[in-house]
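First the structure, in the form of structure tokens, and then the observations on it.
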Amino acid sequence: MNHNEIERKWQGIWNDTGINTFDDKAKGDKHYVLEMLPYPSGAKLHMGHWYNYGIADSYARFMRMNGKNVFQPMGFDAFGLPAENYAIKTGVHPKDSTDVNIATMERQLRDMGTMVDWNHEFRTCAPDYYKWTQWLFLQLYKNGLAYQKKAPVNFCPSCQTVIANEQVVDGKCERCKTEVVRKEMTQWFFKITDYAEKLLNGIDALDWPEKTKTMQRNWIGKSVGGEVIFDLVKLVGDIKSITVFTTRADTLFGVTYVVLAPEHPYVSAIVTDEQRAAVDAYVAQAAKQSEIERTSTSKDKTGVFTGAYCINPINGEKVPVYVADYCLSTYGTGAVMGVAAHDTRDYAFALKNNMPIKRVICGKNGNDELPFTEYGVMTNSGEFDGLTSDKGKIAVLEKLAKLGHGGKKTNYRMRDWSVSRQRYWGAPIPMIYCDRCGAVPVPEKDLPVTLPYDVNFTPDGKSPLARCEEFTKTVCPVCGKPSRRESDTLDTFVCSSWYYLRYPDAHNDKAPFDKKTVNKMLPVDCYVGGAEHACTHLLYSRFITKVLHDLGYLDFDEPFKRLVHQGVILGPDGYRMSKTRGNVISADPLIEKYGSDALRLYLMFGFDYTEGGPWSDGGITSCAKFMDRIERLVEEVKNEKASATDGSLDYELNYCIKEVKKDIPEFGFNTAVARLMELVNAMYKYRTSAEYNPAYLKHVLQVTVKLMAPLAPHFCEELNQMLGGKKSVFLESYPICDESKLVKSSTEYAVQINSKIRCKVVLPQGLDRAAIEKAALETAEVKEVLNGATPVKVIVIPERLINLIVN
RNA sequence: GCGAGCGUGGCGAAAUUGGCAGACGCGCCGGACUUAGGAUCCGGUGGGCAACCAUGCAGGUUCAAGUCCUGUCGCUCGCACCA
């Protein structure tokens, strides 16, 4: 069989007959299968794409044959930096290179033979898509969830743009690995922090990998504690007090100082004249430090006294106020209380600055090593002595609330999502700046704000659009006076935060989606993609879905019911495939040689889907061989008249059906293929047996081909036709296991003596424990191994094993 | 540092959730058919001559442990001054 030929043949037939066109009126419950949409990079599809799209497609085809009305769309995440950087290097406009890349990738995706319904395709860089991305921005703006502020942001000097917290990895830009610097800039933010609690609470009910759920929980970083207000001894203007956040109010009596972050707005105000020079120098030095230096835990705990003092509200003690960079301006109130005895950082800082260390918590078993950071019992804490940390921290906060000096408070580690990018190749932010009216949103009727084609996009830290007069010059929609457009573009994660809503109704030009349609088609039933998006795309999408739900657009508030992460296919050397390492395995030559079905089959068979692993050349040949073995059997019996009468293989066949049907929905493709191989091996054995009946083998093959169709779609279509199938195998329903064929008359038991296997005995199936024991003890085999001994205890596991305990 | 996960033949991996460890495949060995075989088909294949020994290592629970518990080593990933 020439695989390339039959693959083209069946793709043509599927295309001509429209078999993969989604029909929402078709029978069966809708089942929305989605893979993370590809970014059209210059290169062709790589092994990771095949692993993601090929195998998820087999899942989709399986669901279809099992009666679901499957919707599997595909599109392109087409805005973004790589295309723009490529343009800067080569002079090819991002739109042009993107168009070319999409054409190539789309052709390859079609060659893969997926059941994607291309009628719903879109690209996020097209005005008819980003019009609605801009619409989404306006909805957030109108509801107070998009706002502008001047704030320190992460700036990547290489990409020449701001990036979000989620896109900073180890202090470096996740894309280009350049060290990120902090920069004060006026930026647009989405108020994802407003949804911290909802995002956290929603996690529990999701059918997602636990690890990913944990990552999101940690990212949100909920921390329940309280605030404590320390009055300043000397008032400075209207600054009366410093508020700190703590999770350990039970240690409040142990406070020996208070710390402000170097960026805290009070620092320059409260500092005394004697200390000003030292403090200014310290603050200036802290500002110069990179994110990496700044957040290194092993770093010395440095800091400077401000000269100011404040009062501990719980005991009236006067404590000094320091400025130290181990206190982060971006978390809590940007100020902390220093409890040297019960916090490792405070302990180190106190030692360095010769400050008193006051123990106020006792360990339960006399542990008196400091710092003691565990929970214990309060001591040296006045009326609170004897309370456990648990109860004490609440009691202290309640007291503070009565005193008007604090109370309970919950903080989240997550920050707002910065969405402004000073780059060209993105969706323009639909805002207008007017000298009289301020920031004014573009009226929805004027959308899209079209990205101009002719722009000099060489990066210089400012948005390239700012240099484009024809773009920026406009009139204020409110007062009609000349005004200026926002020249930043949106983070591409905004484009991909809502795309799954667009597919069902992808060409709607009246709305981003039809409300009735999305509510019927979503949430996505099974979402397949890499684990690297745990705290970016997957979190943003949940946020946007919840916002649109709260605004009344959606009935559901979680986008992805079930999530599966594929593993990573490594090079044969066990390392990640990379050009520099020279270990890249390209899919194209393999497909030319073995066909796309063989590649798919190997990707299924050779790996645990969620684990991935190193590529092996031998693996794909074994799958090609397996396919040849089936084909030879089909050739041998194709002209017979199929007959189900013989029955020799009924057990093997039905066992295979049962296992494959169990494995595929769990993405257990490796074992599903193994079961099919066992069945084929059994057919070969049957073929050489005395009772070989080709007509019966044909019947078994007809079922097998259906069973395997989702895994090797073109190949099985062809075989199905050879075996007399008149219509596409995907219009057939999936084989059903006949449980009655799995009943065997007897079971082979392993017989253990003192837990060691000594012999095997065959007994009738379905006996109860007592009968099994009795029957086993009467067999010659057991009598022999017992050698006259009498068991003092007998353990029987029905249909498995018998353990005889003798002294 | 904290958290999670993983560690099984020469290799990729299975193991009905505490019940015959190594399914299935690669590789290797042997046989058949062949002028030939890197095609195909059939058989064998954890180690050890054996009793037995084997799931990173050391203990424990159990009639029974790859699976549960404790400790330990190694690898991977995530978080990392979050008060």
Side-chain angles (χ1 to χ4, degrees), chain A residues 169-171 209-219 221-223 225 228 244-249 251 259 261 294-301 324-328 330-339 342-346 348-349 373 411-415 531-532 534-535 568 602 605-608 611 613-623 625-626 628-629 632 658-659 662 668 670-681 684-685 687-688 748-760 791-806:
Chain A
V169 177
D170 292 331
E210 274 312 314
K211 195 171 174 176
T212 305
K213 299 211 279 187
T214 304
M215 280 170 69
Q216 287 208 354
R217 285 192 194 100
N218 291 341
W219 186 263
K222 181 177 181 174
S223 180
V228 185
V244 305
F245 175 75
T246 180
T247 54
R248 291 297 303 274
T251 65
V259 184
R294 185 71 192 269
T295 57
S296 155
T297 42
S298 55
K299 188 175 153 275
D300 257 7
K301 298 286 174 282
D325 68 359
Y326 81 88
C327 178
L328 304 177
T330 45
Y331 183 73
T333 60
V336 293
M337 59 191 211
V339 185
H342 304 294
D343 182 283
T344 46
R345 298 151 299 180
D346 296 345
F349 188 71
T373 57
N411 261 331
Y412 299 90
R413 198 177 305 197
M414 185 169 63
R415 322 275 160 72
E532 66 276 14
C535 294
V568 180
Y602 169 56
F605 178 60
F607 310 86
D608 175 331
E611 289 290 318
W615 174 268
S616 125
D617 283 326
I620 190 166
T621 52
S622 76
C623 286
K625 202 171 112 185
F626 170 57
D628 288 347
R629 271 165 74 79
R632 274 193 290 275
K658 187 177 178 172
E659 293 298 305
K662 198 177 70 201
N670 51 352
T671 45
V673 176
R675 297 293 88 80
L676 284 162
M677 286 172 165
E678 282 167 353
L679 177 59
V680 171
N681 289 344
Y684 269 85
K685 200 157 270 172
R687 193 173 146 269
T688 55
E748 188 189 58
Y749 280 84
V751 179
Q752 299 179 327
I753 295 193
N754 290 342
S755 304
K756 288 207 191 304
I757 306 251
R758 282 296 174 263
C759 68
K760 307 265 170 95
V792 293
K793 191 174 173 187
V794 178
I795 292 138
V796 174
I797 309 297
E799 315 306 330
R800 276 194 213 296
L801 157 153
I802 300 155
N803 191 3
L804 306 169
I805 310 302
V806 298

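Just so we're on the same page: letters track the sequence lines, and every chain starts at 1. All values below were derived from every heavy atom in this structure, side-chain atoms included, with hydrogens, water molecules and symmetry-related copies excluded.
- Distance check on atom P: C6(B) versus A21(B) gives 23 Å, rounded to whole Å.
- Counting only heavy atoms from C-beta on, Ser755(A) has its side chain closest to A64(B) among G78(B), A14(B), A64(B).
- Put simply, CD1 on Ile805(A) is 7 Å from P on A64(B), counting in whole angstrom units.
- Neither OP1 nor OP2 of C42(B) sits under 4.0 Å from any side-chain N or O of Tyr684(A).
- For the pair Arg413(A) and Tyr331(A), the cation-pi test (distance below 6.0 Å, angle within 45°) is failed.
- Going from the P atom of G7(B) to that of G12(B) covers 12 Å, rounded to whole Å.
- Pair assignment for G30(B) gives C42(B), based on Watson-Crick or G-U wobble hydrogen-bonding distances that are each under 3.5 Å.
- Counting any heavy atom pair closer than 4.0 Å across all strands shown, Arg675(A) reaches a base atom.
- The phosphate of C52(B) has OP1 or OP2 within less than 4.0 Å of a side-chain N or O from Arg758(A).
- Nearest nucleotide to the Glu748(A) side chain, out of C24(B), C20(B), C53(B): C20(B).
- The nucleotide whose nearest atom lies closest to any side-chain atom of Thr247(A) is, among C53(B), G19(B), A83(B), A83(B).
- Pairing of U55(B), defined by two Watson-Crick or G-U wobble distances under 3.5 Å, is not identified with any nucleotide.
- Base pairing of A23(B) is not made with any nucleotide, judged by Watson-Crick or G-U wobble geometry with both donor-acceptor distances under 3.5 Å.
- Map Asp628(A) and Gly619(A) each onto its nearest nucleotide of RNA chain B; the residue landing nearer the 5' end is Gly619(A).
- As judged by a 4.0 angstrom heavy-atom cut-off over every strand, Asn670(A) is placed among residues touching the sugar-phosphate backbone only.
- Residue Asp346(A) is out of contact with every strand shown, counting any heavy-atom pair closer than 4.0 Å.
- With rounding to whole Å, Phe605(A) atom CZ is found 11 Å from A23(B) atom P.
- Donor-acceptor pairing under 3.5 Å is lacking for the side chains of Asn411(A) and Ser223(A).
- Across all strands, Arg415(A) comes closer than 4.0 Å to base atoms (heavy-atom distances).
- As judged by a 4.0 angstrom heavy-atom cut-off over every strand, Lys662(A) is placed among residues making no nucleic acid contact.
- The distance between atom CD1 of Ile757(A) and atom P of A54(B), rounded to the nearest whole Å, is 16 Å.
- Ser223(A) comes within contact range of the sugar-phosphate backbone alone, with a heavy-atom separation under 4.0 Å but no base atom that close.
- Glycosidic conformation at U17(B) (O4'-C1'-N9-C4 for purines, O4'-C1'-N1-C2 for pyrimidines): syn, within 90° of 0.
- With a cut-off of 3.5 Å on both pairing distances, G66(B) has no Watson-Crick or G-U wobble partner at all.
- Counting non-hydrogen atoms under 4.0 angstrom, Tyr749(A) reaches nothing in the nucleic acid.
- Note on Gly332(A): nothing from the nucleic acid sits closer than 4.0 angstrom, heavy atoms only.
- The residue Gln752(A) sits close to a base: some heavy atom pair falls under 4.0 Å.
- The separation between Trp615(A) atom CH2 and C11(B) atom C1' is 16 Å, rounded to whole Å.
- Comparing C81(B), G43(B), A23(B) against the side chain of Leu328(A) picks out C81(B) as the nearest.
- Dashed line: the shortest gap from a side-chain N or O of Arg632(A) to OP1 or OP2 of C41(B) is under 4.0 Å.
- Of the listed nucleotides (C20(B), U16(B), C81(B)), C20(B) has the atom at the smallest distance from the side chain of Ala750(A).
- In this structure, Asn681(A) atom CG and G43(B) atom C1' are separated by 13 Å, rounded to whole Å.
- Figure legend. A15(B) is base-paired to no nucleotide; pairs are counted as Watson-Crick or G-U wobble with both atom distances under 3.5 Å.
- For Val336(A), taking side-chain heavy atoms from C-beta onward, the closest of the listed nucleotides A83(B), C81(B), G78(B) is A83(B).
- Nucleotide G60(B) is shown with an anti base, its glycosidic torsion being more than 90° from 0.
- Using atom P as the reference point in both G56(B) and U67(B), the two lie 8 Å apart (nearest Å).
- Along RNA chain B, the nucleotide closest to Asn754(A) and the one closest to Cys623(A) are compared, and the more 5′ of them pairs with Cys623(A).
- Nucleotide G78(B) forms a Watson-Crick or G-U wobble pair with C2(B), both donor-acceptor distances falling under 3.5 Å.
- The distance between atom CE of Met337(A) and atom C1' of C81(B), rounded to the nearest whole Å, is 16 Å.
- Using a 4.0 Å heavy-atom distance criterion, Lys625(A) is classed as a sugar-phosphate-only contact.
- Of all nucleotides listed (C81(B), G19(B), A23(B)), G19(B) comes nearest to the side chain of Asn803(A).
- Distance NZ (Lys301(A)) to P (C81(B)): 9 Å, rounded to an integer number of Å.
- Residue Arg629(A) contributes atom CZ, which lies 6 Å from atom P of C42(B) at whole-angstrom precision.
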